[in-house]
Structure formats: C-alpha cells, structure tokens
S.K.: 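Dropping the structure in here first, questions after.
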Protein chains: 2
Amino acid sequence: MSEPLRPLRRNEIRQQNEALICQAAEKVFAEAGFGGATMQLIADLAGLPKANLHYYFPTKEDLYRRVVQDIFEIWLHAAEAMDSAPGPVEGIGAYIEAKMEISRRHPDGSKVWAYEVMHGAPVIQDYLETTLRDWTSGRVRLIERWIAEGKMARVDPEHLLYMLWAATQHYADFGHQIATLNGQPLTDADWQRATDSVKTMILRGIGAV
Amino acid sequence: MSEPLRPLRRNEIRQQNEALICQAAEKVFAEAGFGGATMQLIADLAGLPKANLHYYFPTKEDLYRRVVQDIFEIWLHAAEAMDSAPGPVEGIGAYIEAKMEISRRHPDGSKVWAYEVMHGAPVIQDYLETTLRDWTSGRVRLIERWIAEGKMARVDPEHLLYMLWAATQHYADFGHQIATLNGQPLTDADWQRATDSVKTMILRGIGAV
DNA sequence: AATTTTCTTGACCACTTGGTCAGGCTATGA
DNA sequence: TCATAGCCTGACCAAGTGGTCAAGAAAATT
C-alpha cells in the first residue's frame, strides 16, 4: 500500500513484487479457478502490467504452482502442534484450533488447494505422494500409539485424519454457504463457537476425555 | 452406448440427448471448473457436434446451472432418511449412509457443487437463500428436539450439520487425495470402513448411543 | 403426399486468452 | 562516471473461446 520513499534494493523489488503477485493470484485463483482466472485480472488486482507478471512468473502455471505450494507449507507447519502433545486431547485439540485458524486467515489458499485436489492434483501430485504421504503415516503411527496407550477409543486413524481435514477446511471452502445460512459472515464469537463445536464433537467422537 | 435400431420418437431424442450432454458436462465441469471447461470438450465427450449442445442449452451457463441443480436435488432427496427416524442414531446414521453413498456414486456432481459454492455461488445463490436455508432450519429444529428429549448431547445443531456435510462430501471432493494416500482407489470394503468410521465418530461425538 | 416442426451440423465470427518481444528505464558495481 | 545486469511495459500475435446461422435431414401432423 505505502509507497516507500527510498529507492528499493534489487532484492527488495523482486521479493515485494513476487509477494504482491502471489497475493493477488491467490485471490483470483480462489475466486475463478485455474481456468477461469486470467493473468490480466491478477495483474489488475496487483496493480502491475500483465507483462510484468510474466517477467517474474513465465507462465500462468508457474504462478499457480507457487500459490499451491505456499498453502501446503502453511498446513504442514500447523501440524507441528500435534507432535509435541502428551495425548489426543491436547494434540488433536491443538491441531483443530490451528487448522480452524488457518481456515479463517487463509480461506483463499484453502480454496485453491481444494480446487487443485478436486481436479486431480495435476500440479502437486508429487507432493501428495511424498511429503503428504510421509506426514500422514507419521501421524497415523502417533494416533495408533495413543490408542494402544488407552488414551482414546479404537478408531481408524486415516479416517480420523480425513475428518479433521474435512471439518476444518469446510469452514474455508464452504465459507460462503455458511455465511449465507448464517445470514452474515461469521463473527469472532461465531468462529469461537465453530472451533469449540468441532473440538467437542471430534474429541468426544474419538473417546478422548 | 447402445444404438437403438428403431427410429427414436421426438421426446426420446430430446430426453436422451439432454441426459447425454448433462452427463458429459458434469464430468468436464468437475475436472476443469466452469472457466476451464469448454463446450468443445463436453461435445466431444458426449459424441455430439458442438453446435448441437447449443441447440439444447443455449449458453454454457444454462448447461452448468442444470448440472448444479441436478446435484442439489439428489442431496435434498437424501435428507428424507433423517425425518422419519425416531432418534439421532437412526436418523443421523441413515443420513450419513445416504450421503456417503452419494459421494461414492456422484463424485463429479459433488465436485461441481463444491466448485460453485467455493466461487461464491454465482449461479445458485437463490437456492442457498431459500430452499437450503429452509431445509437447514427444519433440521435444526429436529436436532433441538432430540436434544430436548435427552436423545443426544447438547451440541450446536448448525455445526453438526456442517460436520456431516464436510465429513461425507470430503470423500467425493478430495477423493483423489484419499486414493493417493491409500495407494489406490477405495474398494467396496474401504468405503464400508469409511462409512462406519464416520458414523461411529459422529454418533459418539454427539453423545447418541 | 404435402407441410410443418423439430433436430443436426459445418462453417463462420467477434472477442479474449496466454504469452512474446523490443526497447526503454533503473539500480549496482567497478 | 560508465557499463552492465536486472527490471519494466506497450504493442502485438497465434490459438482458442462461446456463440451464431443457414441450410439441410428427419420425424410428426395434416
């Protein structure tokens, strides 16, 4: 927003413009999908000429890939809350809170990810097969340990993870539907209630008290 | 698939071609989104010349609207299982089963719906505000009654509905991700386990035994 | 058989798209 | 100060887009 008074250094220029473009791209990709998004729209939203986008990101797909990867990073980071916990109440509780917070702060990113996966993950298939699969199997073992230690009921760990992803991301991906049914966008209190509801139902659902 | 030997009656032609086009459109819209889908692709998949699509559906948006409405009908129909039930165990259990079955049989339809809502529901906003809102408030009252009758724990009915939608539709919308993590598409037994897992966790989560 | 109505389709068009490029501009390093 | 390398951008293009249309084929109606 603010025009800096001092001339920018080379690195700053690149970093700042890439961030500006990514931010605009995330929004446009979320609103229109890959096919519906146009470089012109992204350029306008970023306040740059279209040719400038192609200077930083040679193709539309390059830009899209960058946006998807950014979200993936955020989600992976959120999962750390789970690992250091002594049991499911703290671990899964914290994970739900982190993921709900992301749904609230990065709804566009969540939508772009949903869009990408829904369409067969043409761009991040390798991430699914490597990073995400590894992460998942690690968490599955963690949950199995908690079950073995009697800290929660015997549930299928994979399907518990799917439910966690589904329940939390739903508030981002289907935020418009929720806001419509709610009569208005969720307030701070609404988000708190949503988070509490998800936590309560899931923690009780897996028999963690 | 089978070419009928007898000449078709007018009504049959119209009905058959519209169904053929809708079927192809559902798949293409699910795979590419509204913006990414092209009438040419849909035409090719339906095995008809593009101009013929425009005879039955004047614009791309008309066709898209039809596809979205079809899915909405299916989901509304699935909800009937909930109403005639004596309590949450039967009612919500049956609803989960019905919705999981739809996720399995109509994954493309579910994706198109998700796509539509994610992008602000430009086409079916009125449905959200009328039909879906009415349906939702009816189900909220039903759940509140069950709570009042002590048949389940005191949970927020709206957020329970969101969780039901999220958990079941996730298996359609994110089916590709699930299949990747699973190493292969879900088998019959996998679907059964998924349905059982969702039912078990949610029913326990709402304190319905 | 004649006529009307519905269906079919190749050719076409105005418009938009992602992407290019040459030439100008600006910071940096010597 | 000057040369170099990185940044910026208006004008442009080939490819594809949704949609049209006129002329014909096929079914229905008389």
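Chain letters run A, B, ... following the sequence lines, proteins first and then strands; every chain starts at 1.
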S.K.: Starting at atom CD1 of B:Ile42, determine the distance to atom P of D:dG19, rounded to an integer number of angstrom.
M.R.: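 Computing the B:Ile42:CD1 to D:dG19:P distance gives 11 Å.
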S.K.: What does the B/S/- profile of nucleotides 12-17 of chain C look like, 5' to 3', with a 4.0 Å heavy-atom cutoff to protein?
M.R.: -----S
S.K.: Sequence neighbours left out, what passes ring-ring contact (aromatic ring centres under 6.0 Å, His included) with A:His159? Give chain and number order.
M.R.: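 Listed in chain order: A:Tyr162, B:Tyr171.
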S.K.: For A:Phe72, which residues count as a ring-ring contact (aromatic ring centres under 6.0 Å, His included) partner, sequence neighbours excluded?
M.R.: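 In terms of ring-ring contact (aromatic ring centres under 6.0 Å, His included), with neighbours along the sequence ignored, A:Phe72 is linked to A:Trp113, A:Tyr127.
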S.K.: With salt bridge (charged side-chain N to carboxylate O under 4.0 Å, His left out) as the rule and sequence neighbours excluded, what pairs involving residues 165-186 of chain A come up?
M.R.: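 Found none.
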S.K.: According to salt bridge (Lys or Arg N to Asp or Glu O under 4.0 Å), who are the partners of A:Arg204, at least two apart in sequence or on a separate chain?
M.R.: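 So A:Arg204 forms no salt bridge (Lys or Arg N to Asp or Glu O under 4.0 Å) with any residue.
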S.K.: Without decimals, in angstroms, what is the distance between B:Asp62 CG and D:dG19 P?
M.R.: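 Spelled out: CG on B:Asp62 to P on D:dG19 is 8 Å.
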S.K.: How close or far is atom C1' of C:dG18 from atom OH of A:Tyr64, stated in whole angstroms?
M.R.: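 Result: 17 Å.
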S.K.: Side-chain atoms of residues 91-101 of chain B: list all donor-acceptor pairs with protein atoms under 3.5 Å, sequence neighbours left out, distances to 0.1 Å.
M.R.:
| residue | atom | partner | partner atom | Å |
| --- | --- | --- | --- | --- |
| B:Tyr95 | OH | B:Trp165 | NE1 | 3.0 |
| B:Glu97 | OE2 | B:Lys199 | NZ | 2.5 |
| B:Lys99 | NZ | B:Gln169 | OE1 | 2.6 |
| B:Glu101 | OE2 | B:Arg105 | NE | 2.8 |
| B:Glu101 | OE2 | B:Arg105 | NH2 | 3.2 |

S.K.: How many whole angstroms separate atom NE2 of A:His54 from atom P of D:dC12?
M.R.: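 Atom-to-atom, A:His54 to D:dC12, this comes out as 18 Å.
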S.K.: Provide the full list of side chain to side chain donor-acceptor pair (under 3.5 Å) pairs with a residue in residues 46-58 of chain B, sequence neighbours left out, each pair given once.
M.R.: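 Residue pairs passing side chain to side chain donor-acceptor pair (under 3.5 Å), neighbours aside: B:Asn17-B:Tyr56.
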S.K.: Apply ring-ring contact (aromatic ring centres under 6.0 Å, His included) to B:Phe174 and list each qualifying residue two or more places apart in sequence or on a separate chain.
M.R.: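 Counting only residues at least two positions away or on another chain, B:Phe174 forms a ring-ring contact (aromatic ring centres under 6.0 Å, His included) with B:His170.
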S.K.: Where along residues 111-125 of chain B does a heavy atom fall under 4.0 Å from DNA chain C?
M.R.: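 Those residues whose heavy atoms fall under 4.0 Å from DNA chain C, taken from residues 111-125 of chain B, amount to none.
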S.K.: Roughly how far, to the nearest 0.5 Å, is the CZ atom of B:Arg139 from the CD atom of B:Glu158?
M.R.: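 The CD atom of B:Glu158 sits 13.0 Å away from the CZ atom of B:Arg139.
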S.K.: What's the separation between atom OG1 in A:Thr180 and atom CG in B:Leu128, rounded to the nearest 0.5 Å?
M.R.: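 Nearest 0.5 Å value for the OG1-CG distance: 5.0 Å.
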S.K.: Name the pairs: protein N/O against N/O of nucleotides 4-8 of chain D, kept only if under 3.5 Å.
M.R.:
| residue | atom | partner | partner atom | Å |
| --- | --- | --- | --- | --- |
| D:dC7 | OP2 | A:Arg14 | NH1 | 2.7 |
| D:dC7 | OP2 | A:Tyr55 | OH | 2.6 |
| D:dC7 | O5' | A:Tyr55 | OH | 3.2 |
| D:dC8 | OP1 | A:Asn17 | ND2 | 3.3 |
| D:dC8 | OP2 | A:Asn17 | ND2 | 3.2 |
| D:dC8 | OP2 | A:Tyr56 | OH | 2.6 |

S.K.: Just distance, no hydrogens or angles: give the donor-acceptor pairs under 3.5 Å from side chains in residues 22-33 of chain B, sequence neighbours left out.
M.R.:
none

S.K.: Between D:dT17 atom C1' and B:Asp44 atom CG, what is the distance in whole Å?
M.R.: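 For the pair B:Asp44 CG and D:dT17 C1', the rounded distance is 14 Å.
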S.K.: Heavy atoms from C-beta onward define the side chain here; which of D:dG19, C:dG19, C:dG10 lies closest to that of B:Thr59?
M.R.: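 Of the candidates, D:dG19 comes closest.
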S.K.: My understanding is that only residues two or more places apart in sequence, or in another chain, count here; which of them pass salt bridge (Lys or Arg N to Asp or Glu O under 4.0 Å) with A:Asp108?
M.R.: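 For A:Asp108 there are no salt bridge (Lys or Arg N to Asp or Glu O under 4.0 Å) partners, ignoring immediate neighbours.
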